Every structure is written in structure tokens, then in C-alpha cells.
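Data block below; observations after.
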2 protein chains.
Amino acid sequence: MEGTNPPLEGAHVTATDDLIDRLPEPPEALAPATSQAERVADMLRVFVIDGALAPGTRLSEERLSRKYGVSRNTLREAFRLLSRERLLVHQMHRGVFVNRPTSEDVRDLFSARRTLEIPAVRGARDACDRAVAAVGSAVAEGQAARAQADWWAMGTANMHFHRALAGLAGSARINEFMSQVLAETRLVFHVMNAPEQFHAPYLDWNRRIHQRLTERDADTAAVELSRYLDTSEEQLVTAFTAMERRADGR
Amino acid sequence: MEGTNPPLEGAHVTATDDLIDRLPEPPEALAPATSQAERVADMLRVFVIDGALAPGTRLSEERLSRKYGVSRNTLREAFRLLSRERLLVHQMHRGVFVNRPTSEDVRDLFSARRTLEIPAVRGARDACDRAVAAVGSAVAEGQAARAQADWWAMGTANMHFHRALAGLAGSARINEFMSQVLAETRLVFHVMNAPEQFHAPYLDWNRRIHQRLTERDADTAAVELSRYLDTSEEQLVTAFTAMERRADGR
DNA sequence: ATTGTGGGATTGTTGAACAATACTTCAATC
DNA sequence: GATTGAAGTATTGTTCAACAATCCCACAAT
């Protein structure tokens, strides 16, 4: 071995603070490391939204805690999280139940959606392209689902579409709130035992709205969306009140 | 005692189901009977919003549970509730802290407020009178507070004013979300150690907006509100970033 | 000044215990 | 026969004590 390894020019350079500041951010504030309660909540959330746990179902603390290998206390923490999201409702000394929305809830949900979605669409002029693109991919997702006749996926795509619309507002808090509202809306379909084809006719509507958005015709898009919400709400409320009458008139 | 008490004509009539249905509803679904965790959460919420617990403060499970005579588990349930409201933030294995919003949060909060408030005002034409009246009484509340030079109450009145604006949308879910957004906004003032007179100049602005509303000139009211939000946000963000620079440039 | 290396403090989670409340069952009454 | 009353049972509300996992801090070593 002739000669020595040339020492690297300027080896052992400590990174300046400047450089460090320029480093990419960690994905999520450096691995938030979810707690057990949050993991259980995540799992239950999926069950509720997908309908594995039907609205009105009571969740027994003891059985669930044994089934999923967590203590009752931990499970209760999870319940609290989901209650705040309105997916579960907590009744003192009676337990927690999967939320079963009423027709009044349906009206309120649509009222909230109007407030969130329509202004977002109307102000879409200065929304970032990334947000508009999200709307487009939700449309594509819906069409793919229809091609496969996967009705549940179509419903999911529809939710994504409307979440993307609210996303045009560009506020993280609005986004999260909208997600909750849509999750609760999904419960409505479970309560009704809605035929999953329910969403089918709305796909074209979504496509048209997105079309308007790409044409930068936000106002027309907003008008179409408004009509969409009106008819969708009416259809739901009608079906819902009929079901409610059937239920308590016996 | 002469004679017998005449039996009441038709005494012991059982109420028909019809009659029972017509009975007034109980105030709140028949005494929801709050749990201990909720009571603790209510208490802590007030502390946080009023600033008795400053942003960034860490809440020790052991000390708080001993101080308020509840178990750690119960206290943790309360923490979960408040974390979902973004008043506390939970860091795994580190504990819970009073949320300390950043300038980015301020921008997001105002973005959310724009989405919630402006459309509500613009659509105020078909808002119920009761909701408009709430706006008026918030204005009055602010003027009363100014008369007494009670600056903290002025801030509260300002919050009530904007909550009332969002209330014009007429959705319970929107109302609750708005309350959360405003509570978090209040934290911003605590972070800044804002002089409480901060709110003073906005009182007249509020009065003007309300004036427009009573005149049924919703569009002008919306424009004024939009300007209000712009200037308020700018003022806050400016002060905020200055403070942040001071803090981490040291 | 930076990097290991403890020890101490705090949180995460569990299991068991008990009180308080709701539900169920069945007998007694009108 | 339907309603009321009074058991007993099941479930939730809450506490307590324990232990593992993790973080924080001070101090020594380089």
C-alpha cells in the first residue's frame, strides 16, 4: 500500500445552523408515536364508518377491552376521543353507542356542508392548484369505482370529492372539521340502509362541478354545487322521515 | 265530618299516548348528568381560556389529580377531551401542555373564520331574527364593557359577536366548531401577552356590521366583515412574527 | 463544547376493587 | 291484562396501586 489515504479536504465539518435549518422537516413532527388509546380509536373509527358497527349499537366496555387486549381505562380514553367526533355518543351510566343521526341531524349536517363547501368553491380562484387537483382525482376515483360497480367505493369517492371541495378553502382546521362532518354523514346512509347505488347519479354532477373549476368558472361551479346539496338533502330527508315514521309509529 | 268527599268526576284518567306526545320536552334530554371527567374538563377549559393556565404550561397528571381530588385516569379522560378541542396538546410520554399557537396557526384560524363568518353574514337574509338579535346583544355587551373599561370583558364580547355572526348560518355543528376556533383564537392573545385594549378599536366596527345587518344589507355587511378580518389578521400576524423572531433568534 | 451515562421523575397501561346506577325479572295489585 | 313495586343482576363510574417505558437532567469523560 503506497502512500497514505489523503485526508479528506476539510473533513469533519460541523454543519452550520443555517444548513440544519434548511434540512427537510421530519414527516410528522418526528414520529408522534401513537398511544394505545389512539390506535384503538383509529380502529373503532374505521369500524363505525364502514358500518361494521351499526348505528345504535352499544359498545360494552368489558367485552371490547377483552377482545382487543386493552384495559377498560384505555378503552374509555378511546371512547372519549370518538365521542368528541360524534361517531359515538356517551350516555351516563348506560354506556357508549354508535351515533344514530336523526332527520334533524341530516338537516344540520347539510347546513354545515353548505357553509363549508359553497364559499370554498366560490373562492376557488385563489386556491392552490394542488387543492384543485385533489378534486380531480376524487372524480377519477369515483369513475374507477363505478367501472368496477363497487358501490361502497363510490360512496367513499364521493366523500373524498366533497372533502376536496372544502379543501379549497385552504385551512387545516376546516379540513378536519369537514372530515368529521362527512364521517357523520356516512352514518346517515348506514341508518337508512341506503342502497349503495344511491351515490351513482351524483358522479356526473361531481364531474361537471370539477369541469367548471378547471375552467376557472367558480361561480357556476358554486351554483351547481348548491343545487347538488339541495337535491341530495331533500332526497335524504324524505327517505329519512319516512323511515322514522315507520320506526316509531311502530 | 258530614258526608264523604265527592269522588272527582272521571278521576284516575290515564293520559292517552297522544297527550303524552304533546307534553313539553325535558330541558336537556332529561338531565344528562355530567361525569366527573367532563366536570374537570369544563373547569380546565375555563382556566385555559381565561389565561390562568398560560400557553405552553405543562399539566402534571399527578399534581392536578391530587389538587382536584380525582384519579389520574379520570384526569386523563378530561385531557383527551380538551386535546380534541385543541386547547391542550398531548405529547407522547411528555405530558399535556396548554396549546401555544404559532403564527401559522393564526393564519389558519383566520382562514377558517373567513370561511365560517363571511358566508353566514352574506346569507343573513334568511337567518332567523333570533340569530340577528344575538349579534345585537353582543354589540351591546361590548359597549357596556367599554363603559366600564373592562378590557377582558371587551374581548369576550368580541368573541360573542363573531360567534353570533357564525350563528347566522343556523347550524349547531358550525356553532360548536366556531366556538372552538374562537377559544383557540383567544389563546393567541395570551401568547402575545396582548394589551387588552387590543379589542377596543374593533367595537365600532362590530357596531357598523350589525347596523348593516338590521338594514338587511347583508352584502355590505359581508364586505365590512371581510375588511375587519383582513386588518385584524395582519395586525396579529405582524405582532406575532415579531415575537417569534424575538423568541428564537433569542 | 460535545458526547456518553447514569439516576430520578413522569407518563402509559394494566388489573382489581367498590359504589352508583341502570336493566331485568317476577310477584303483587288494581 | 296491564301497571306498579321490589327484589337481584349487570354495567358503568371512579379510585387505587403497581410496573414498564420513556424522557429529563446532572455529571463525568472525551
Side-chain angles (χ1 to χ4, degrees), chain A residues 11-17 19-20 26 28-44 56-84 88-98 250, chain B residues 7-8 10-17 19-20 26 28-44 53 56-84 88-98 250:
Chain A
H12 186 2
V13 174
T14 45
T16 63
D17 291 351
L19 178 62
I20 290 176
E28 288 280 324
L30 203 55
T34 81
S35 75
Q36 190 115 251
E38 288 171 66
R39 278 194 301 267
V40 172
D42 290 343
M43 182 184 61
L44 292 178
T57 307
R58 177 162 159 279
L59 302 182
S60 158
E61 292 188 355
E62 197 211 334
R63 275 194 290 171
L64 276 184
S65 68
R66 243 177 322 117
K67 175 156 179 100
Y68 296 114
V70 299
S71 76
R72 272 182 64 208
N73 288 320
T74 301
L75 186 65
R76 285 169 62 90
E77 284 190 12
F79 282 171
R80 295 291 187 179
L81 294 177
L82 296 173
S83 299
R84 266 244 159 266
L88 304 181
V89 292
H90 190 144
Q91 290 187 37
M92 189 70 165
H93 286 126
R94 298 197 358 100
V96 298
F97 303 78
V98 178
R250 151 17 24 123
Chain B
L8 277 62
H12 184 2
V13 174
T14 43
T16 63
D17 291 352
L19 177 62
I20 289 178
E28 289 281 323
L30 204 54
T34 81
S35 76
Q36 190 120 238
E38 288 171 67
R39 277 194 302 267
V40 172
D42 289 344
M43 182 183 61
L44 292 178
L53 292 169
T57 306
R58 176 162 158 280
L59 302 182
S60 159
E61 292 187 355
E62 196 212 335
R63 274 194 291 171
L64 276 184
S65 67
R66 243 177 322 116
K67 175 155 178 98
Y68 296 114
V70 299
S71 76
R72 272 182 63 208
N73 290 323
T74 300
L75 185 65
R76 286 169 61 91
E77 284 189 13
F79 283 171
R80 296 290 187 179
L81 294 177
L82 295 173
S83 299
R84 268 245 155 263
L88 304 181
V89 291
H90 191 145
Q91 289 185 37
M92 189 69 166
H93 286 128
R94 297 198 355 100
V96 298
F97 302 78
V98 179
R250 178 260 292 243

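Since this is a predicted model, take the numbers as computed values, not measurements.
OP1 or OP2 of C:dT14 has at least one side-chain nitrogen or oxygen of A:Gln36 nearer than 4.0 Å. At the phosphate of C:dT14, OP1 or OP2 sits under 4.0 Å from a side-chain N or O atom of A:Thr74. Distances shown here put every side-chain N or O of B:Arg72 at or beyond 4.0 Å from the OP1 or OP2 atom of D:dC16.
Here the nucleotide nearest the side chain of B:Glu61, chosen from C:dG12, D:dT12, D:dT15, is C:dG12. Here C:dT13 is the nucleotide among C:dT10, D:dG13, C:dT13 with the atom lying nearest to any side-chain atom of A:Ser71. Checked against C:dT14, D:dT12, C:dG12, the side chain of B:Arg76 finds its nearest nucleotide in C:dG12.
Rounded to an integer number of Å, the gap from A:Tyr68 OH to C:dT14 P is 15 Å. In this structure, the CZ atom of A:Arg39 is 15 Å from the C1' atom of C:dT14, given to the nearest Å. To the nearest angstrom, C1' of C:dT21 lies 13 Å from CZ of A:Arg58. Protein atom CZ of A:Arg66 is 20 Å distant from nucleotide atom P of C:dT13, rounded to whole Å. The CD atom of A:Glu62 sits 19 Å away from the P atom of D:dT14 (whole-angstrom rounding). Atom CD of B:Glu38 is separated from atom P of D:dT12 by 16 Å (rounded to the nearest Å).
Residue-to-nucleotide proximity on DNA chain C shows that, of A:His93 and A:Leu75, the 5′-proximal contact is made by A:Leu75. Positionally, the nearest nucleotide of DNA chain C for B:His90 lies more toward the 5' end than for the other of A:Asn73 and B:His90. Nearest-nucleotide assignment on DNA chain D puts the 5′-proximal partner with A:Arg63, out of B:Glu77 and A:Arg63.
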Worked check of side chain to side chain contact (heavy atoms under 4.5 Å, CB included) between A:Leu44 and A:Phe79: CA-CA 9 Å; A:Leu44 292 178; A:Phe79 282 171; 3.9 Å; yes
Pair A:Gln91-A:Phe97, side chain to side chain contact (heavy atoms under 4.5 Å, CB included): steps then yes or no: CA-CA 8 Å; A:Gln91 290 187 37; A:Phe97 303 78; 4.1 Å; yes
Derivation of the side chain to side chain contact (heavy atoms under 4.5 Å, CB included) call for A:Arg80 and B:Glu38: CA-CA 10 Å; A:Arg80 295 291 187 179; B:Glu38 288 171 67; 3.8 Å; yes
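The closest side-chain heavy-atom distance from B:Val98 to B:Leu88 is below 4.5 Å.
B:Arg39 places a side-chain N or O within donor-acceptor distance of the main-chain N or O of B:Thr34, the cut-off being under 3.5 Å.
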